[in-house]
Amino acid sequence: MPYSKYLPTEMGSIELLTPGPFVAGSCAELVLVYTAGKFGIDDTGMLKISWRTTSDLSKPQFDRPDAPNFATVEASNGARLEVWFDRLNIRPYANTLLIRVGRGYLRAGDTLTIRLGDRRRGSPGLRLQTNVENKVELRTSVDAFAAYEFCELPRQPAFDLVAGPAAGWKAILPSLAVAGEPFRLAIVAEDVWGNPTGEATGRLTFESSLPLGGLPDSVTVKEGDGPCVIENLVAARAGDLELKVMADGRLVAQANPLRVETSAPIRRYWGDLHGQSGETIGMGTAEEYFRYARDKAFIDMVGHQGNDFQITDAFWEQLNELTARFDRPGSFVCLPGYEWSGNTGMGGDRNVFFRHEGRPIRRSSHILVEGRTSTDAIYTADRLFDALDGEDCRVIAHVGGRYADIKYAHDGRIERSVEVHSTWGTFEWLLHDAFEKGYRVGVVCHSDDHKGRPGATTPGASTFGAIGGLSCYFMPELTRDALFEALRKRQHYGTTGRRLFLDLRASFERDVTTFSDDPKLGPAQEFSVREAMMGDIIRPRSVPMKLAVEVIGTAPLERIDVFHGPDVVQSARPFAAADLGRRVRILWQGAEYRGRGRETIWQCKLAITGNGIARFSPVNFLNPERKVQEADGGAALVWTSVTTGNLAGIDLWLDEARAGVLRIDTNIVSGEVRLDQLADGAVEFDGGGLGRKLSVYRLPETEWSHRLALEHRCTFGGGADLPVYVRVTQADGHQAWSSPIYLID
């Protein structure tokens with residue numbers, strides 16, 4: 001907080017002598033010089049240099065001068081300094097370098113020279129934040145009077161981060177198109193950290209499984225170009241389209257599956273409704289956030305969900321202006337809303353979305369909002385639902401730093417969905433909480449993006465352990481009204497960030513009853529049907545249900561699991577036991593617990609005796625800095641990995657399929673598997689915590705099908721609701737969940 005008696009201009013100044021720009025995720029030396037102001041800094045006074053809470057800029061270290069991230073601070077007058085790093089500042093600038101003037105003091109004009117990534121003794125420098133951002137601020141404040149009362153300087157040092165060279169490509173298609181109608185292909189070059197980059201060149205060609213009108217023979221990408229967008233593609237006939245992007249005869253990207261139909265009253269649209277920008281705890285501006293979603297992530301729908309206790313009335317007004325301006329029915333949907341961020345014990349996080357702008361924001365607290373606000377604080381989730389009574393809104397239960405305690409409060413009229421995956425991890429337990437309480441909710445996955453990359457969020461180098469999720473919504477048209485109806489009906493499925501194709505339909509031999517369950521229509525209206533889709537509520541009586549599931553993955557499919565509530569009742573794989581051989585997967589997953597410190601750091605070592613490892617490949621290793629290393633002369637592998645409810649693994653191709661013993665040692669759980677006894681099932685070792693376990697099982701040696709279908713039959717026996725849904729797991733570690741069909745009495 002600024003002083004009330006002294007001007008910030010009297011507290012000195014700071015200059016960044018190495019202003020950049022720098023490549024995101026690269027190593028650099030940041031040299032700052034602070035010049036003491038009118039009062040100097042007294043004995044035991046302090047200087048704080050802080051950067052954003054969610055930034056993955058490396059933590060400085062002070063005792064290994066030849067190692068990465070070495071930092072030094074020197075006083076021009078020789079004053080003794082104490083220097084350390086901690087998260088000791090007000091959000092959103094928690095990451096802080098603290099400098100205490102110990103034995104001595106500074107007079108006006110004395111300087112402190114701060115070198116973050118000091119290279120003078122061999123350090124490669126400080127590893128910078130991995131996501132692109134304009135004006136990465138090093139917010140500096142001074143405690144000149146040794147009273148632990150800090151004043152922010154009037155001008156703050158900042159630098160720009162730009163994308164690095166292209167390390168990969170993405171090709172993005174819609175998931176459903178109608179024959180004869182135009183659609184779009186977007187091709188995005190990304191650097192190693194997932195930033196869209198203009199540092200890409202080459203001639204791209206295409207291989208399409210269906211004839212496509214408007215598809216050129218090739219496109220030439222030049223330095224400085226943005227994403228390549230090819231509009232007005234047309235498929236002349238129905239079918240499933242596979243599109244490959246080639247460069248110099250090499251596959252560089254395969255587009256997500258696209259189904260072309262002769263007609264489609266219900267379309268599929270992809271959305272990331274949950275994230276926030278730098279006006280709260282994220283990065284970049286809200287306008288940049290919306291532009292990224294539309295022009296670089298190429299999603300159809302986006303929402304902005306800033307923490308309510310950081311949203312001023314002025315920013316709320318600005319957000320409403322932006323969502324109104326960016327919302328374009330038929331091409332891009334943009335929702336106004338906010339994250340009600342109540343303390344966990346008072347209900348936890350809820351995402352609130354409005355159909356129209358101009359609605360009041362009801363904050364969980366005013367802790368970081370200064371001055372008067374237009375509405376009073378609402379501290380508990382039950383009171384939030386009371387306040388939203390009559391509002392044209394939707395609410396989604398969310399797990400972030402705080403998690404939604406839907407057992408504490410829930411309103412089925414407006415809270416129709418739970419978010420089971422985001423960059424915070426995977427949270428199937430939230431869906432199971434809803435089942436336990438008898439709630440009828442659908443499944444969504446969004447990013448909770450904090451890095452200015454909604455719709456295409458990667459974890460970078462931080463403890464955010466997952467790629468941001470996406471949800472596919474079934475809608476007749478791309479409008480807010482259609483989205484609100486899809487949320488009401490629970491007609492959507494969520495993924496861990498990949499646009500796989502999932503279809504789930506139920507059929508019945510005789511008429512069964514379904515319900516409108518629209519609160520605006522009064523009591524539920526009943527209808528007779530013989531078919532149902534995900535999200536529907538069905539009273540089948542004694543009529544059996546036949547469930548048909550079809551999946552086209554963005555990678556080979558490992559399995560589909562059918563659930564009755566929290567229990568797996570049927571599984572299917574696109575391969576047989578006879579296809580299994582020398583390839584063995586070691587998989588680890590889970591979290592510490594439900595709260596903010598849920599990430600589990602796995603420190604692992606794997607060794608094989610009586611056999612050899614021909615090659616290995618990581619699975620779902622999301623951080624480029626975390627690599628599998630050979631040890632013990634190649635006889636063992638070591639690595640560090642992070643999971644936050646999601647999963648990661650490593651595949652081994654052995655010299656012999658069934659010889660030897662595999663030993664895996666981790667800081668969580670360890671185990672040993674005799675390979676001659678490893679058949680077509682999994683050997684599992686319980687790791688405690690929240691769903692933590694280690695699994696060992698076989699997979700086919702070579703790539704296999706991206707397609708899988710199954711049928712499941714069940715007869716509802718009455719009693720409590722029976723939610724029936726599926727979870728899809730791909731070989732690359734990505735997953736998807738359908739919303740349930742609810743069978744009721």
Side-chain angles (χ1 to χ4, degrees), residues 169-189 196 200 202-222 225-247 249 251-271 293-302 326-334 455-456 470-479 482-483 486 491-493 495 498-503 550-554 706-707:
W169 299 79
K170 288 198 308 191
I172 303 168
L173 288 168
S175 288
L176 189 143
V178 172
E181 293 185 3
F183 59 89
R184 174 185 70 188
L185 167 66
I187 303 169
V188 184
R203 178 174 173 269
L204 303 179
T205 58
F206 308 98
E207 294 181 5
S208 174
S209 63
L210 294 177
L212 280 185
L215 183 67
D217 293 332
S218 67
V219 295
T220 300
V221 178
K222 293 180 280 189
D225 287 351
C228 175
V229 180
I230 304 173
E231 301 277 5
N232 297 316
L233 298 179
V234 176
R237 59 180 174 83
D240 290 332
L241 173 67
E242 295 181 6
L243 181 70
K244 297 179 179 179
V245 181
M246 316 293 290
L251 177 68
V252 294
Q254 182 158 347
N256 56 280
L258 166 60
R259 172 154 294 177
V260 181
E261 298 187 348
T262 54
S263 64
I266 300 295
R267 308 292 179 104
R268 294 168 178 248
Y269 298 105
W270 289 94
R294 185 188 65 187
D295 301 335
K296 294 186 178 180
F298 297 97
I299 53 176
D300 302 304
M301 300 174 287
V302 72
F326 275 86
D327 187 63
R328 289 291 179 268
S331 62
F332 188 62
V333 166
C334 195
L470 292 172
S471 290
C472 184
Y473 293 89
F474 297 91
M475 301 156 50
E477 59 183 5
L478 186 54
T479 63
L483 174 57
Q491 291 180 346
H492 41 73
Y493 64 89
T495 81
R498 295 294 183 258
R499 304 188 195 203
L500 59 84
F501 186 94
L502 169 60
D503 195 56
E550 182 185 13
V551 181
I552 309 174
T554 59
H706 290 216
R707 305 178 69 106

Hey, are the side chains of M475 and R267 touching, using non-hydrogen atoms and a 4.5 Å cut-off? no

Shortest non-hydrogen contact between L258 and A177, atoms and distance: CD1-N, 3.6 Å

E231 vs L185 side-chain heavy atoms within contact, under 4.5 Å: no

Under-4.0 Å salt bridge between R707 and D240: yes

Residue of the set Y493, F501, F298 for which ring-ring contact (aromatic ring centres under 6.0 Å, His included) holds with W270: Y493

Can you name the closest pair of heavy atoms from A179 and V260 and give their distance? N-CG1, 3.6 Å

Just wondering, are more than 12 heavy atoms of other shown residues or ligands nearer than 6.0 Å to CD in Q254? yes

What one should report as the nearest heavy-atom pair of L204 and A247 is CD2-CB, 4.0 Å

Answer yes or no: is there a donor N or O on one side and an acceptor on the other, between the side chain of D327 and the main chain of C334, under 3.5 Å? yes

Give a yes or no on whether the backbone of R498 and the side-chain of T495 come within a donor-acceptor separation of less than 3.5 Å. yes

Quick check: do I299 and R499 have side-chain heavy atoms less than 4.5 Å from each other? yes

Got I230 and P216 here, is their nearest side-chain heavy-atom distance under 4.5 Å? yes

Supply the atom-to-atom distance L212 CG to N232 CG, rounded to the nearest 0.5 angstrom. 12.5 Å

Search all heavy atoms of T205 against all heavy atoms of S218 and return the closest pair with its distance. CG2-CB, 3.9 Å

Would you sort out whether R259 and I552 count as a side chain to side chain contact (heavy atoms under 4.5 Å, CB included), showing the intermediate values? CA-CA 10 Å; R259 172 154 294 177; I552 309 174; 3.9 Å; yes

Test log, rule side chain to side chain contact (heavy atoms under 4.5 Å, CB included), inputs R294 and M301: CA-CA 8 Å; R294 185 188 65 187; M301 300 174 287; over 6 Å; no

With a 4.5 Å heavy-atom cut-off, do V229 and R184 have their side chains touching? yes

What heavy-atom pair brings N256 and S175 nearest, and what distance separates the two atoms? ND2-OG, 4.0 Å

ring-ring contact (aromatic ring centres under 6.0 Å, His included) partner of H492, the single match among F474, Y269, Y473: Y473

By the definition side chain to side chain contact (heavy atoms under 4.5 Å, CB included), identify the one residue from L233, L210, L215 that meets it with L243. L215

Whether over 12 other heavy atoms sit under 6.0 Å from K170 NZ: yes

Do W169 and I187 come within less than 4.5 Å of each other through their side chains, counting heavy atoms only? yes

For F332 and D300: C-alpha separation, side-chain torsions, deciding distance, then whether side chain to side chain contact (heavy atoms under 4.5 Å, CB included) applies. CA-CA 5 Å; F332 188 62; D300 302 304; 5.9 Å; no

Answer whether the closest heavy-atom distance between the side chains of T554 and P257 falls below 4.5 Å. yes

Output the distance between atom OG (S209) and atom CG (L241), rounded to the nearest 0.5 Å. 4.5 Å

Nearest heavy-atom contact between I172 and A297 is CD1-O, 3.8 Å

Nearest 0.5 Å, what's the CD-CG distance between E207 and L251? 8.0 Å

Let's go through E261 and R237 carefully: what are the C-alpha distance in whole Å and the side-chain angles of both, what is the deciding distance for salt bridge (charged side-chain N to carboxylate O under 4.0 Å, His left out) to 0.1 Å, and is it a yes or a no? CA-CA 8 Å; E261 298 187 348; R237 59 180 174 83; over 6 Å; no

Is D503 close to R268 at the side-chain level, that is, under 4.5 Å between some pair of heavy atoms? yes

